[in-house]
Amino acid sequence: MLCRPLHLLTVTTLCSVRRAAPILLARLVATAHTVADKSGTIVRKIMSGGDLGIVEKTGANDLQTAADRLVQQSICASLARKFPKLTIIGEEDLPSEEVSEDLIETGEYEEILKAAFPSKYSSIKEEELVVWVDPLDGTKEYTEGLLDHVTVLIGIAYEGKAIAGVINQPYYNYQAGDSAVLGRTIWGVLGIGAFGFELKEVPEGQHIVTTTRSHSSKLVNDCIAAINPEKVVRVGGAGNKIIQLIEGQASAYVFASPGCKKWDTCAPEAILHAVGGKLTDIHGNSFEYHKDVKHMNSAGVLAALRNFNYYASRVPESVKQALVP
């Protein structure tokens, strides 16, 4: 759904005597970080309230909850208020309505504002950016209590390419005991790196594939079998799978099926690419994130932190022929 600003505000940036004002992209990523933090709080609050407000969209594996709805409203309205010329595309098809002020987040994460952004980003204009929002990636798992699968995704694209991403894990640490602090937010920008986690790799020579938990098929399984991994991890959520790659829990993300959308892959792709990984369709084609692009990633997803070419070379021709870009 294309999210349009409810009203426009003029934002005046005051230049500090000691340092230049942060560039637009820095402010947008810094705002997306605080909005993602707020989103995680909303997700947890709805779960603790007990009424998830579940509705089926296209079937039992395609659900929407109150968390999906409120988080998308929060993200879209918060970003549109500060950056009224952005194009913001969210997963949920929601009616246009006034958003409650308690869903609006106006803060900016200071550490991002302090980061040294490459000069190539300094001339970017608001109207040239497209933000892809998945308010609750792993909705089915959320409804089933598999809380560590759930993420909130905010991806930022420029000239059709994913250049920045923010991923919130509302339930990070939820199995660490009652005293643990819940949730974390990971962010990354091409040319800077990715932060909020410890980068790890699967030991050399091991092949561990992460793939879909609830959307498997013969095509998916044939592709995985051709890779011949030592282990297959089946979990929900594209954001969760990319986190597995960057934290050394898996070496490749393989999904040889249509199903993923641009809001599923934009933020994870930006973060993975920021640390030297690669995410494409099953043919090795890069994704485009223009505002007018089709939402479906119809030729599947293939991603790896390292040795991408090895995994790409193992994809059977029969699988490629079945998945048309």
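One is the number of the first residue; the rest follow in order along the sequence.
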*Show the numbers, then the answer: is there a side chain to side chain contact (heavy atoms under 4.5 Å, CB included) between V254 and L302?*
CA-CA 5 Å; V254 180; L302 179 66; 3.9 Å; yes

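- In this structure, CH2 on W132 lies 9.5 Å from OG1 on T87, to the nearest 0.5 angstrom.
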_E159/K120 under salt bridge (charged side-chain N to carboxylate O under 4.0 Å, His left out): CA gap, chis, key distance, verdict_ = CA-CA 13 Å; E159 295 183 339; K120 64 182 179 181; over 6 Å; no

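- Between the side chains of T65 and D68, a donor-acceptor pair is found at a separation under 3.5 Å.
- Atoms CG and CG, from L86 and L79 in turn, are 6.5 Å apart once rounded to the nearest 0.5 Å.
- The two residues S74 and K38 make their nearest non-hydrogen contact at OG-CD, 3.9 Å.
- Listed here is the closest heavy atom pair of V319 and A256: CG1-CB, 3.7 Å.
- Two residues are said to be in side-chain contact when any heavy atoms from C-beta on lie closer than 4.5 Å; F195 and E111 fail this criterion.
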_side chain to side chain contact (heavy atoms under 4.5 Å, CB included) evaluation trace for L103 with I42_ = CA-CA 9 Å; L103 291 177; I42 294 170; 3.8 Å; yes

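- Annotation: side chain of N228 is in contact with side chain of R314 (closest heavy-atom distance under 4.5 Å).
- No donor-acceptor pair closer than 3.5 Å links the side chain of N173 to the backbone N or O of A180.
- Minimum interatomic distance between W263 and G90 (heavy atoms only, all atoms of both residues): CZ3-O, 4.0 Å.
- Between A238 and Y253, the shortest heavy-atom contact is CB-OH, 3.8 Å.
- Not one N or O on the side chain of N297 forms a donor-acceptor pair closer than 3.5 Å with the backbone of G300.
- In the hydrophobic clustering of this structure, V220 does not group with V233; members are Ile, Leu, Val, Met, Phe, Trp, Tyr whose side-chain heavy atoms approach within less than 4.5 Å, directly or through other members.
- To the nearest 0.5 Å, atom OH of residue Y172 and atom CG of residue L147 are 15.5 Å apart.
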*Hey, mind stepping through F83 and T31 against side chain to side chain contact (heavy atoms under 4.5 Å, CB included) and telling me if it holds?*
CA-CA 10 Å; F83 308 98; T31 302; 3.8 Å; yes

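- Under the 3.5 Å distance criterion, the side-chain polar atoms of K241 are matched with a main-chain donor or acceptor of G237.
- With hydrophobic clusters built from ILVMFWY side chains whose heavy atoms lie under 4.5 angstrom apart, I112 shares a cluster with I156.
- Clustering ILVMFWY residues whenever any of their side-chain heavy atoms sit less than 4.5 angstrom apart, transitively, puts V202 in a cluster other than the one holding I227.
- A side-chain donor-acceptor contact under 3.5 Å links N168 and T185.
- Within the 4.5 Å cutoff, the side chain of D137 has heavy atoms near those of the D264 side chain.
- Put simply, the side chain of P258 reaches to within 4.5 Å of the side chain of L323, judged on heavy atoms.
- Proximity of a side-chain donor or acceptor of R213 to a complementary backbone N or O of H149 within less than 3.5 Å is not detected.
- Taking CG of L245 as the reference point, atom NZ of K278 lies at 14.5 Å (rounded to 0.5 Å).
- Under a 3.5 Å cut-off, the side chain of T211 and the backbone N or O of R234 do not form any donor-acceptor pair.
- Remark: the S318 side chain and the D222 side chain contain no N/O donor-acceptor pair separated by less than 3.5 Å.
- Linking Ile, Leu, Val, Met, Phe, Trp and Tyr whenever their side-chain heavy atoms come within less than 4.5 Å leaves V235 and L146 in two separate clusters.
- Counting only distance, with no hydrogens or angles, the side chain of R44 and the backbone of P170 share a donor-acceptor pair below 3.5 Å.
- At least one side-chain heavy atom of L52 sits under 4.5 Å from a side-chain heavy atom of M47.
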*Can you list the steps and then say if N240 with D148 is a side chain to side chain contact (heavy atoms under 4.5 Å, CB included)?*
CA-CA 8 Å; N240 181 34; D148 51 337; 6.0 Å; no

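- One finds the CZ atom of R81 at 4.5 Å from the CD1 atom of I104 (value rounded to the nearest 0.5 Å).
- At least one side-chain heavy atom of Y171 sits under 4.5 Å from a side-chain heavy atom of V43.
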*Go through the steps for E126 and R27 under the test salt bridge (charged side-chain N to carboxylate O under 4.0 Å, His left out), then give the verdict.*
CA-CA 11 Å; E126 264 184 48; R27 292 180 50 239; 5.6 Å; no

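- K140 and S214 form no side-chain donor-acceptor contact under 3.5 Å, judged by distance and modelled atom types alone.
- Relative ring orientation between H207 and Y310 is described as parallel, the plane-to-plane angle staying below 30° on a 0-90° scale split at 30° and 60°.
- When every heavy atom of V150 is checked against every heavy atom of G138, the shortest pair comes out as CG2-O, 3.7 Å.
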*Show the numbers, then the answer: is there a salt bridge (charged side-chain N to carboxylate O under 4.0 Å, His left out) between K261 and E91?*
CA-CA 9 Å; K261 310 289 199 311; E91 175 180 4; over 6 Å; no

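- Contact annotation: the side chain of K161 approaches that of E288 to within less than 4.5 Å [non-hydrogen atoms, C-beta and beyond].
- Listed for the H273 side chain is a donor-acceptor partner under 3.5 Å among the backbone atoms of L279.
- Looking at every heavy atom in both residues, S298 comes nearest to P325 through OG-C, 3.5 Å.
- If you take CG on L190 and CD1 on I271, they are separated by 10.5 Å, rounding to the nearest 0.5 Å.
- Between P22 and L113 the shortest side-chain heavy-atom distance falls below 4.5 Å.
- Under the 4.5 Å side-chain heavy-atom criterion for Ile, Leu, Val, Met, Phe, Trp and Tyr, I192 and Y121 are members of the same hydrophobic cluster.
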